[in-house]
Amino acid sequence: MDFRSGLEALRSAQKPSRGTAAYSRHVNRPAGRYVAAWMNSHGFTPNQATAVSATLSAAGIALIALVSPTWWLGILVAALLAGGYVMDSVDGQLARLRGGGSKSGEWLDHTVDCFKTLTLHVAVLISWYRFFELPSDAWLLVPLAFTVVAAATYFGLILMPTLRPPAAPTSTEPPVENPLRKFLLLPIDYGFLCWVFVLLGCPTAFRVVWTLLLIAATAMLAVALRKWWHELRAVDGLT
């Protein structure tokens, strides 16, 4: 399939956008669509796209932990992480374009995502410890707490679809999504976090923004946990 045909096929085979944060919906998925169409036209496989995603993400995360922050480092890290995130969208779109993915490919994708999600926050912790002039060592609790929040959020998002009963076919339209919701979800949008690293060369600004994102992500996790609990209690027939 050539590039143009692949692009048209992908435009009609996208995952539902409801519940997706603004960056992933309007930037990452469209960019991934173009890259997936190009890679498909050149014979690349979804697992190769996952490997590229892992390589770009690992490079960016390693730079955070190993190199003293500067303005150019922040831009480089953000670009590497964002590029890795685009490729994370590419592997799934490539799989759909090629007629469906494999269980092993899905496992590889989720495993890479898990490592990426956790090591990003660990790298921030290391960077703060090694290079930042913190007012107090208590600030190190921020990236540590963010690691826990990110892990719990990722686990819930992966587990919940396996626990929900299959949706019954319906001819009714889904409820209209609040237009602000996709922007409120930005604190837990990995792609949005990638670009926050442009502030890495300004340690105070980066530290304050990272802390605010932690607070927002924690609040959103609390809301999600309550929703998931009541949803599964209803599935169990309990109140």
Side-chain angles (χ1 to χ4, degrees), residues 21-24 27-29 31-32 35 39 44 47-91 108-155 185-218 221:
Y23 181 88
S24 292
V27 179
N28 204 64
R29 284 186 181 178
V35 178
M39 292 187 74
F44 288 92
N47 285 352
Q48 288 173 327
T50 301
V52 175
S53 173
T55 302
L56 292 173
S57 299
I61 290 169
L63 288 174
I64 296 169
L66 300 176
V67 181
S68 179
T70 60
W71 67 267
W72 62 264
L73 180 71
I75 295 173
L76 177 59
V77 166
L80 286 169
L81 295 177
Y85 192 48
V86 169
M87 296 305 298
D88 186 32
S89 174
V90 168
D91 55 14
L108 180 65
D109 181 34
H110 289 318
T111 300
V112 168
D113 285 348
C114 184
F115 273 107
K116 175 182 67 180
T117 300
L118 300 182
T119 55
L120 177 70
H121 296 288
V122 173
V124 171
L125 174 63
I126 295 171
S127 179
W128 286 21
Y129 176 76
R130 294 186 64 194
F131 306 119
F132 281 39
E133 295 182 4
L134 300 173
S136 167
D137 287 345
W139 278 97
L140 295 173
L141 294 174
V142 172
L144 185 62
F146 217 152
T147 306
V148 176
V149 170
T153 301
Y154 182 82
F155 177 76
L185 291 172
L186 282 174
I188 59 170
D189 188 330
Y190 180 84
F192 180 75
L193 291 184
C194 293
W195 289 106
V196 171
F197 283 93
V198 297
L199 298 175
L200 193 60
C202 303
T204 300
F206 180 77
R207 176 163 47 90
V208 170
V209 171
W210 205 250
T211 302
L212 292 174
L213 288 172
L214 166 63
I215 294 170
T218 302
L221 175 60

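Not measured: the values here are computed from a predicted model.
- Nearest heavy atoms, Ser57 versus Gly84: OG-CA, 3.7 Å.
- Taking the ring centroids of Tyr129 and Trp139, they lie at or beyond the 6.0 Å cut-off.
- Annotation: side chain of Leu120 is in contact with side chain of Ile64 (closest heavy-atom distance under 4.5 Å).
- Considering OG of Ser53 and CG of Asp113, their distance stands at 7.0 Å, rounded to 0.5 Å.
- Leu125 is not listed as a side-chain neighbour of Thr147, based on a closest heavy-atom distance of 4.5 Å or more.
- Here the CH2-CG distance, from Trp71 to Leu76, works out to 10.5 Å after rounding to the nearest 0.5 Å.
- Side-chain polar atoms of Tyr190 and Ser24 form no donor-acceptor pair below 3.5 angstrom.
- Residues Ile188 and Leu193 are not in side-chain contact: their nearest non-hydrogen atoms beyond the backbone lie 4.5 Å or more apart.
- Taken from OH in Tyr23 to CG in Asn28, the straight-line distance is 5.5 Å, to the nearest 0.5 Å.
- In this structure, CD in Glu133 is found 9.0 Å from OG1 in Thr204, a value given to the nearest 0.5 Å.
- Checked by atom type and distance alone, the side chain of Ser127 never pairs as donor or acceptor with a backbone atom of Ala123 at under 3.5 Å.
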| said: For Leu144 and Val148: C-alpha separation, side-chain torsions, deciding distance, then whether side chain to side chain contact (heavy atoms under 4.5 Å, CB included) applies. | reply: CA-CA 7 Å; Leu144 185 62; Val148 176; 5.6 Å; no
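- Between Phe206 and the choices Phe197, Trp195, Phe131, the ring pair (Phe, Tyr, Trp, His ring centres under 6.0 Å) rule is met once, by Phe197.
- Of all heavy-atom pairs between Ala54 and Val112, the closest is CB-CG1, 3.8 Å.
- The only member of Phe115, Trp128, Phe146 that meets ring pair (Phe, Tyr, Trp, His ring centres under 6.0 Å) when paired with His121 is Phe146.
- Taking 4.5 Å as the limit, every side-chain heavy atom of Thr117 sits out of range of all side-chain heavy atoms of Phe155.
- Between the side chain of Ser89 and the main chain of Tyr85, no donor-acceptor pair closer than 3.5 Å is present.
- When all heavy atoms of Pro143 and Val124 are compared, the pair lying nearest together is CB-CG1, 4.0 Å.
- The shortest non-hydrogen separation linking Val86 to Val35 is CG1-CG2, 4.2 Å.
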| task | Kindly determine whether Thr111 and Leu108 satisfy side chain to side chain contact (heavy atoms under 4.5 Å, CB included), including the steps that lead there. | result | CA-CA 5 Å; Thr111 300; Leu108 180 65; 5.6 Å; no
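- Summarising the geometry, atom CG belonging to Leu185 is positioned 12.0 Å from atom CZ belonging to Phe192; distances are rounded to the nearest 0.5 Å.
- Residues that satisfy the side-chain contact (heavy atoms from CB on, under 4.5 Å) test with Ile126, not counting sequence neighbours, are Ala65, Val122, Arg130.
- For the residue pair Val90 and Gly32, the shortest heavy atom distance occurs at CG2-O, 3.5 Å.
- Side chain of Thr211 to backbone of Arg207: a donor-acceptor contact under 3.5 angstrom is found.
- In this structure, Ala21 and Asp189 approach most closely via the heavy-atom pair CB-OD2, 3.0 Å.
- Atom CG of Leu80 sits about 11.0 Å away from atom OG1 of Thr55, to the nearest 0.5 Å.
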